[in-house]
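Note that the numbering runs from 1 along the sequence shown for the chain. Hydrogens, waters and symmetry mates are skipped; everything else that's a heavy atom, side chains included, is used. Source: prediction; values computed, not measured.
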Amino acid sequence: MEIRSALHEPVTKSQLELLNAVRKAEIRPSVGLIGILLESRDEYRPRPTSDGIVAEVAIPEKSLSGTPTYDYWSARTNGDFFLIQSLFEDERTEKAVFFDTRIVRVTEALLFLCGLYDHLGVPPESRVTIGIAHHGLAGRTLTSAGRRHVMPRTTAAGSSESQISIRCRAFEAT
């Protein structure tokens, strides 16, 4: 899963402001983390870069798919955010994609970005472009993580990508 966002009118924030905003915006869902902050282990702590902060969590123990689990995110001083992470499904089963989990993860990503920009003090009228992609889908069984009765289908497309450009206020609950 890949998430990328960019403000149309960039902000200028320090690395500490970015870290605090990510910390406050962190979503702790039932299926994983977006903007994960594992500060208890030194190798996973967010690190400063020349233009922001970055965190990388690679767990070498193989998942059921045979690949390590991986999370990487970066927040730039201009408000850009990028995340790439393994599919949660690979920790549970082989060659599957759970449509309900994907819906939840996209929702959590939008909630995280809403909180991030709010905690960075981005004005509600500011525009943001958000892209969300899922890669490595070809040959996976499309099914449900829950106990919903569905007729599983095998995916043919290798990826699914979508991009929107909205005002930050569109995130606000009505």
Side-chain angles (χ1 to χ4, degrees), residues 1-59 69-91 97-135 137 145-146 159-174:
M1 179 174 173
E2 176 183 314
I3 301 164
R4 51 193 189 285
S5 68
L7 293 166
H8 291 217
E9 299 152 19
V11 297
T12 303
K13 299 295 177 180
S14 71
Q15 293 159 328
L16 182 58
E17 288 172 307
L18 288 172
L19 182 60
N20 287 333
V22 168
R23 187 178 285 125
K24 290 175 183 175
E26 188 177 35
I27 303 288
R28 292 197 175 268
S30 58
V31 295
L33 296 168
I34 294 180
I36 186 171
L37 285 169
L38 293 179
E39 297 175 287
S40 61
R41 293 187 57 182
D42 191 53
E43 68 268 30
Y44 299 146
R45 289 179 196 265
R47 304 279 187 225
T49 64
S50 61
D51 67 345
I53 55 175
V54 64
E56 183 174 30
V57 177
I59 301 174
T69 56
Y70 184 76
D71 283 84
Y72 170 93
W73 63 262
S74 66
R76 296 179 61 198
T77 55
N78 67 357
D80 289 353
F81 182 81
F82 176 78
L83 170 123
I84 191 163
Q85 62 185 187
S86 305
L87 291 177
F88 164 80
E89 292 88 328
D90 290 345
E91 297 175 29
V97 62
F98 303 146
F99 67 86
D100 48 350
T101 300
R102 294 297 101 215
I103 292 168
V104 168
R105 298 298 283 160
V106 168
T107 301
E108 291 166 351
L110 294 173
L111 289 171
F112 170 80
L113 292 171
C114 174
L116 177 67
Y117 291 132
D118 183 49
H119 294 299
L120 286 175
V122 173
E125 64 277 359
S126 296
R127 294 193 67 79
V128 60
T129 296
I130 300 168
I132 298 179
H134 294 90
H135 301 291
L137 301 178
S159 63
S160 171
E161 299 184 41
S162 186
Q163 182 172 300
I164 60 171
S165 179
I166 60 173
R167 296 204 183 280
C168 288
R169 81 168 37 121
F171 284 127
E172 296 174 4
T174 55

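- For the residue pair Ala25 and Gly115, the shortest heavy atom distance occurs at CB-C, 3.5 Å.
- The side-chain contact (heavy atoms from CB on, under 4.5 Å) check on Pro123 picks up Glu125, Ser126, with sequence neighbours excluded.
- The SG atom of Cys114 lies 8.5 Å from the NE2 atom of His119; values are rounded to the nearest 0.5 Å.
- A side chain to side chain contact (heavy atoms under 4.5 Å, CB included) with Ser5 is found for one member of Asp80, Leu116, Val128 and no other, namely Val128.
- Note: Gln163 CD to Ile132 CD1 = 10.5 Å, rounded to the nearest 0.5 Å.
- To the nearest 0.5 angstrom, His134 atom NE2 is 4.5 Å from Met1 atom CE.
- To the nearest 0.5 angstrom, Ile130 atom CD1 is 9.5 Å from Ile3 atom CD1.
- Not a single side chain to side chain donor-acceptor pair (under 3.5 Å) links Glu9 to another residue, sequence neighbours left out.
- Shown here for Leu18 and Ala75, the closest heavy-atom pair between the two residues is CD1-O, 3.5 Å.
- How far CG of Leu19 is from NZ of Lys13: 14.5 Å, rounded to the nearest 0.5 Å.
- The aromatic rings of Phe81 and Trp73 lie parallel to each other, with less than 30° between the two planes, well short of the 60° mark.
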Verdict with supporting geometry, Leu7 and Tyr117, side chain to side chain contact (heavy atoms under 4.5 Å, CB included) | CA-CA 9 Å; Leu7 293 166; Tyr117 291 132; 3.8 Å; yes
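- Atom CD1 of Ile53 and atom CZ of Arg47 lie 12.0 Å apart (nearest 0.5 Å).
- Remark: the backbone N or O of Ala145 is paired with a side-chain donor or acceptor of Asp100 at under 3.5 angstrom.
- Scored by the side-chain contact (heavy atoms from CB on, under 4.5 Å) test, Val97 finds Glu89, Arg102, Leu137, Arg140, Leu142, Thr155 as partners (sequence neighbours excluded).
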Criterion side chain to side chain contact (heavy atoms under 4.5 Å, CB included) on Tyr70 and Ile84, from CA distance to verdict = CA-CA 8 Å; Tyr70 184 76; Ile84 191 163; 4.2 Å; yes
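- Under the rule for a side-chain contact (heavy atoms from CB on, under 4.5 Å), the partners of His135 that lie at least two apart in sequence or sit in another chain are Glu2, Ala133, Ser159, Glu161.
- Among pairs with a residue in residues 114-124, none fulfils salt bridge (Lys or Arg N to Asp or Glu O under 4.0 Å), at least two apart in sequence or across chains.
- Listed here is the closest heavy atom pair of Thr129 and Ser165: OG1-OG, 3.4 Å.
- Not counting sequence neighbours, Gln15 has no partner by the side chain to side chain donor-acceptor pair (under 3.5 Å) test.
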